[in-house]
Asker: 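Take this structure, written in structure tokens, and hold onto it; I'll ask about it next.
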Amino acid sequence: MNLSDSWAVSQPTAMRMSAAEAVFADLRDAIVSGQLAIGSKLPAEAALATRHGVSRSVIREALRSCTALGLTETKTGRGTFVVRDRVTGDLDIGNYDARELQEARPHVEIPSAGWAAERRTEEDLQILEGLTDEMRLEDDHLAWVALDGQFHTAIARASKNRVFEAIIVDIRGALTRQSETLNLVARRQQKSNDEHDLIVAGIRSGQYQQAADAMAAHLDAVRGAVKSLSS
């Protein structure tokens, strides 16, 4: 039995977290401590699921975050391997990386929220309020990040600027991956809910600056969360 196999059959430390958060924390701690050394292959999803008593979908969610943080890499047909024992680089979130999103989003989403405040219809507002209500009640990470993507797309649509909407649709996959990782690693979900409520309040007010400022504050908080991952 190799080191990674022996780690997989031991009992994880109990933590007051969601299932996905607990799995991720356990994996990260094992990688940082060297229990799962650089170059080692992670146990199979089934073994990890048994270790934690969770479904494979929960395991996959945690593994995606490990990959996004650059700790692991999945090689087709071979498995997932530890490639780094510290978070040192940018998030790997698909076609775009976190730095690119951080640089681009303020130029799109801040004016998008502002114009949405001035141009939104009652139907637009009902959609946004419905999404924030759903997000506040949702305790499943993956369901929440899907709603988050819908929320940001709905704001762009409410701005009545098809360029803004097309950009958000194009980067939505990367936004979703980033949101998934931040919620799991930095526990951003509740804070995001509060920030979303302020954005909707700004859009409801009809005041460009109030909505724009609320979106700017949200993006600043996201930027800070991303930065904290490698600190």
Asker: Got a sec, which pairs hit ring pair (Phe, Tyr, Trp, His ring centres under 6.0 Å) with one end in residues 95-123, sequence neighbours left out?
Answerer: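 Sorted result for residues 95-123: Trp115-Tyr208.
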Asker: Looking at Leu42, Val23, Thr72, which hits side-chain contact (heavy atoms from CB on, under 4.5 Å) with Leu63?
Answerer: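 The residue from Leu42, Val23, Thr72 that satisfies side-chain contact (heavy atoms from CB on, under 4.5 Å) with Leu63 turns out to be Leu42.
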Asker: Scan residues 193-202 for pairs that pass side-chain hydrogen bond (donor to acceptor under 3.5 Å, both in side chains), counting only residues two or more places apart or in two chains.
Answerer: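 Listed once each, the pairs are Arg136-Asp194, Arg136-Asp197, Trp144-Asn193, Asp148-His196, Arg188-Glu195, Gln190-Asp194, Glu195-His218.
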Asker: Out of curiosity, Leu71 CG to Arg86 CZ, how far, rounded to the nearest 0.5 Å?
Answerer: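 Taking CG in Leu71 and CZ in Arg86, the distance rounds to 9.5 Å.
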Asker: Quick one: are His52 and Val58 in side-chain contact, heavy atoms under 4.5 Å?
Answerer: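 His52 vs Val58: side chains apart.
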Asker: Rounded to the nearest 0.5 Å, how far does CD of Gln150 lie from CD of Glu134?
Answerer: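 Rounded to the nearest 0.5 Å, the CD-CD separation comes to 7.5 Å.
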Asker: Look at the side chain of Gln189 and the backbone N and O of Glu138, then say whether any donor-acceptor pair between them is shorter than 3.5 Å.
Answerer: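 Yes, Gln189 side chain to Glu138 backbone: donor-acceptor pair under 3.5 Å.
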Asker: Nearest heavy-atom pair of Thr132 and Phe151: which atoms, and what distance?
Answerer: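 Heavy-atom minimum between the residues: CG2-CE1, 3.6 Å.
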Asker: In Å, rounded to the nearest 0.5 Å, how long is the span from CD1 of Ile168 to OG of Ser159?
Answerer: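 If I round to the nearest 0.5 Å, the distance is 9.0 Å.
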Asker: Quick check against the 3.5 Å criterion: does Asp133 have a side-chain atom that pairs as donor or acceptor with the backbone of Gly130?
Answerer: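 Not confirmed, Asp133 side chain does not pair with Gly130 backbone.
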Asker: Are any non-hydrogen side-chain atoms of Ile31 and Ile38 less than 4.5 angstrom apart?
Answerer: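 Answer no - side chains too far apart.
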Asker: Can you pull the salt bridge (charged side-chain N to carboxylate O under 4.0 Å, His left out) pairs that have at least one residue in residues 54-74, sequence neighbours excluded?
Answerer: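 Output for this query lists Glu45-Arg60, Arg64-Glu180.
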Asker: Please round to the nearest 0.5 Å and tell me the distance separating atom CG of Leu27 and atom OG1 of Thr80.
Answerer: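 The OG1 atom of Thr80 is 10.0 Å from CG of Leu27, to the nearest 0.5 Å.
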Asker: In terms of heavy-atom contacts, does NZ of Lys160 have more than 12 from other residues, nucleotides or ligands at under 6.0 Å?
Answerer: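 Check passes, neighbour count above 12.
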Asker: With rounding to the nearest 0.5 Å, note down the distance linking CZ in Arg119 to CG in Asp124.
Answerer: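 Answer for the CZ-CG pair, Arg119 versus Asp124, is 12.0 Å.
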Asker: Any pair with a residue in residues 25-47 that passes ring pair (Phe, Tyr, Trp, His ring centres under 6.0 Å), sequence neighbours left out, goes on the list, sorted by first then second residue, please.
Answerer: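 Of all non-adjacent pairs touching residues 25-47, none passes ring pair (Phe, Tyr, Trp, His ring centres under 6.0 Å).
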Asker: Shortest non-hydrogen contact from Pro111 to Pro106?
Answerer: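 Looks like CD-O, 3.4 Å.
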Asker: Under the salt bridge (charged side-chain N to carboxylate O under 4.0 Å, His left out) definition, can you give me all pairs with a residue in residues 208-221, not counting sequence neighbours?
Answerer: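 Found Asp220-Arg223.
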Asker: Are the side chains of Ile127 and Arg157 in touch, meaning some heavy atoms are under 4.5 Å apart?
Answerer: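 No. Closest side-chain heavy atoms not under 4.5 Å.
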Asker: Are more than 12 heavy atoms, taken from residues, nucleotides or ligands other than Glu103, located less than 6.0 Å from that residue's CD atom?
Answerer: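 Yes, the 6.0 Å shell around CD holds more than 12 heavy atoms from other groups.
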Asker: Arg120 and salt bridge (Lys or Arg N to Asp or Glu O under 4.0 Å): which partner among Glu118, Glu122, Glu123?
Answerer: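 The residue from Glu118, Glu122, Glu123 that satisfies salt bridge (Lys or Arg N to Asp or Glu O under 4.0 Å) with Arg120 turns out to be Glu122.
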Asker: Drop me the distance from Ile199's CD1 to Leu219's CG, to the nearest 0.5 angstrom.
Answerer: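 It comes to 7.0 Å.
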Asker: Taking only residues two or more places apart in sequence, or in another chain, which ones meet His141 in a ring pair (Phe, Tyr, Trp, His ring centres under 6.0 Å)?
Answerer: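 Per chain and number, His141 pairs via ring pair (Phe, Tyr, Trp, His ring centres under 6.0 Å) with no residue.
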Asker: What's the shortest heavy-atom distance between Ser65 and Val185, and which atoms?
Answerer: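 Of all heavy-atom pairs spanning Ser65 and Val185, the closest is CB-CG2, 4.5 Å.
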